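Predicted, not measured: the structure shown is a model, and the values here were computed from it.
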There are 2 protein chains.
Amino acid sequence: MRLVIARCVVDYVGRLSAHLPDAVRLIMVKSDGCVAVHADGGAYKPLNWMNAPNCFKDEGDTWAITNTKGEQLQISFTEVISDKTYELGSDPGLQKDGVEAHLQELLAGAPEALGEGFKLIRREHQTEIGPVDLLCTDAEGQTVAVEVKRRGEMDSVEQLSRYLEFLQHDQLIAPVRGMLVAQEFKQQAKTLAQRRNIEWRVVDYDDLRGMEQAQSRLF
Amino acid sequence: MRLVIARCVVDYVGRLSAHLPDAVRLIMVKSDGCVAVHADGGAYKPLNWMNAPNCFKDEGDTWAITNTKGEQLQISFTEVISDKTYELGSDPGLQKDGVEAHLQELLAGAPEALGEGFKLIRREHQTEIGPVDLLCTDAEGQTVAVEVKRRGEMDSVEQLSRYLEFLQHDQLIAPVRGMLVAQEFKQQAKTLAQRRNIEWRVVDYDDLRGMEQAQSRLF
DNA sequence: GACTCTATCTCGGTA
DNA sequence: TACCGAGGTAGAGTC
């Protein structure tokens, strides 16, 4: 990784045009070739950047970095204060826990957490406008389309509404109930769900984990 | 700005849990107190971070950074390779050109780009649930609610649908046509728009600029 | 402070 | 490759 502290002017032309007047900044060049220009503030997002893969041209006091789509980042240096390169080696990578995918996985393994007699038909059921997280049947054998979220907000209700709109026209599946499942809900989401005749249910991540472990001990 | 190159283990506990095994990384601390942990690859997004404002506790070989929501980032150093601080000064900031606001501006100045005989009634027409980008009349004098986007996606169709729902109940305005305008559209957005009886139209940014310039030369 | 919407979103998955 | 959806989305603007 190359770290350059320098006074510079930066221009980006691509999906939009952006210009940075002359000032001292950090320019980070990673070993995969991506470049980021950071100011000393403003969270982790750089002011300007160019992802890998790209073509890097060093013209002395100006760098011209172009990607395959023709977008270009140009950095003109007026004063280089520091220029150092470090060997970092490869990174073992980030391990995440507690995202939506895990919640969906746990629910697929324990559909009865959604309601008594619930059985899983399939995960990621494809429709014309995207995949429904879980397709189940309830105790009466009626189909239930389930949308799983970490937090239930308005757009979750709309997403499920869209799916239902299409599923109700699928003769193999209709009629369908809609159910929104999340660890917490915003009041607005509950209100909208009720108006749309969509059920909502709070599930607890740790409880589900417990159920899964209890089940795995049974077999 | 403080730049530390170090072998370290990182843990984040907050909205999710994330763990980084021991490896050499760059830790960037900006003057506003935000912290970012970068690997030597993977675009500009850090592996882990904590935005400002936060409480930074240096316990020697471990940093504990906590924000007001109780989320915590913990960095344990096993070997510090470099630790340097630079004065960057304040940044004049980024100047952008070519975002949605400009597209809306150009269309407001050239409504005929939306269809023959189109005339602008007003921009940012307020409804109970938010502003409609452009309100126009078509050649027949019927009102058209126009939503402007850089890219037309499903969310855009939903947004316009919501507005139309309210506008159709406004006796001064109804009946209203809905039109989605963008530089490009996703297929699913087109499908959903068609189902909702919403028109969609591709416009070209450079063409619009040309129209505007041609018009300004006329007067 | 809460809500809404944009973003050179980024990033990972999948067809 | 393109498309789709999640995100510790972040960040800006509005109310």
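At a threshold of 4.0 angstrom between heavy atoms, the contacts of E153(B) with the nucleic acid are absent. Contact annotation for K186(A): backbone-only contact, meaning every heavy-atom pair under 4.0 Å involves sugar-phosphate atoms and none involves a base. Across all strands, D155(B) comes closer than 4.0 Å to no nucleic acid atom at all (heavy-atom distances). Residue E100(B) is classed as a sugar-phosphate contact, given heavy-atom separations below 4.0 Å to backbone atoms only. At a threshold of 4.0 angstrom between heavy atoms, the contacts of R162(B) are confined to the sugar-phosphate backbone, with no base atom among them. The residue M50(A) sits apart from the nucleic acid: no heavy atom pair falls under 4.0 Å. Within the nucleic acid shown, G14(B) has no heavy atom closer than 4.0 Å to any nucleic acid atom.
In this structure, Q72(A) does not reach the dT8(C) phosphate: none of its side-chain N or O atoms is under 4.0 Å from OP1 or OP2. Within the 4.0 Å cut-off from OP1 or OP2 of dG7(D), not a single side-chain nitrogen or oxygen of K45(B) is found. A sub-4.0 Å separation between OP1 or OP2 of dA7(C) and a side-chain N or O of Y44(B) is absent. Here R150(A) does not reach the OP1 or OP2 of dG5(D): none of its side-chain N or O atoms lies under 4.0 Å away. Phosphate contact (OP1/OP2 of dA6(D), side-chain N/O of Q159(A), threshold under 4.0 Å): present. The side chain of N51(B) contributes an N or O atom lying less than 4.0 Å from OP1 or OP2 of dG11(D). At the phosphate of dT10(C), OP1 or OP2 sits under 4.0 Å from a side-chain N or O atom of W49(A). Close to dT4(C), at under 4.0 Å from its OP1 or OP2, lies no side-chain N or O of Y163(B). At least one side-chain nitrogen or oxygen of R15(B) sits closer than 4.0 Å to the OP1 or OP2 atom of dT9(D). OP1 or OP2 of dC4(D) lies within a sub-4.0 Å distance of a side-chain N or O belonging to Q188(B). Between K96(B) and dA7(C) there is no side-chain polar atom (N or O) within less than 4.0 angstrom of OP1 or OP2.
The 5' end of DNA chain C is approached more closely, in terms of each residue's nearest nucleotide, by E147(B) than by the other of E147(B) and A43(B). Toward the 5' end of DNA chain D, the nearer of the two residues Y12(B) and T68(A), judged by each one's closest nucleotide, is T68(A). When each of A18(B) and Q126(B) is assigned the nucleotide of DNA chain D bearing its nearest heavy atom, the one mapping closer to the 5' terminus is A18(B). Position along DNA chain C of the nearest nucleotide to P46(B) versus M154(A) favours M154(A) as the more 5'-ward residue.
Annotation: dG8(D) and dC5(C) have their P atoms spaced 22 Å apart (nearest Å).
Remark: E100(A) does not engage R150(A) in a salt bridge, criterion side-chain N to carboxylate O under 4.0 Å. Look at R209(B) and D97(B) and you find a salt bridge, because one of the NZ, NE, NH1 or NH2 atoms lies within 4.0 Å of a carboxylate O, short of that distance.
In this structure, N51(B) and N67(B) have side chains that are not in contact, with every pair of non-hydrogen atoms separated by 4.5 Å or more.
The aromatic ring centroids of F77(B) and W63(B) lie less than 6.0 Å from each other.
With hydrogens and angles disregarded, no donor-acceptor distance shorter than 3.5 Å links the side chain of N54(B) to the backbone of I65(B). Under the 3.5 Å distance criterion, the side-chain polar atoms of R177(A) are left unmatched by any main-chain donor or acceptor of E199(A).
The two residues L94(B) and L47(A) make their nearest non-hydrogen contact at CD2-O, 3.5 Å.
The CG atom of L192(A) sits 14 Å away from the P atom of dC3(C) (whole-angstrom rounding). As a whole-Å value, the separation of L180(B) CG from dC5(C) P is 14 Å. Summarising the geometry, the separation between CD on Q95(B) and P on dT8(C) is reported as 15 Å, rounded to the nearest angstrom. In this structure, Q104(B) places its CD atom 14 Å from P of dC5(C), rounding to the nearest Å. We find that NZ of K30(A) is positioned 12 Å from C1' of dT10(C), with the value rounded to whole Å. As rounded to whole Å, 15 Å separates atom P of dA2(D) from atom NZ of K190(B). Put simply, CG on L47(B) is 10 Å from P on dC11(C), counting in whole angstrom units. Atom pair L16(B):CG and dG12(C):P shows a separation of 14 Å (rounding to whole Å applied).
Base pairing analysis places dG5(D) opposite dC11(C); the two distances defining the Watson-Crick or G-U wobble pair are each below 3.5 Å.
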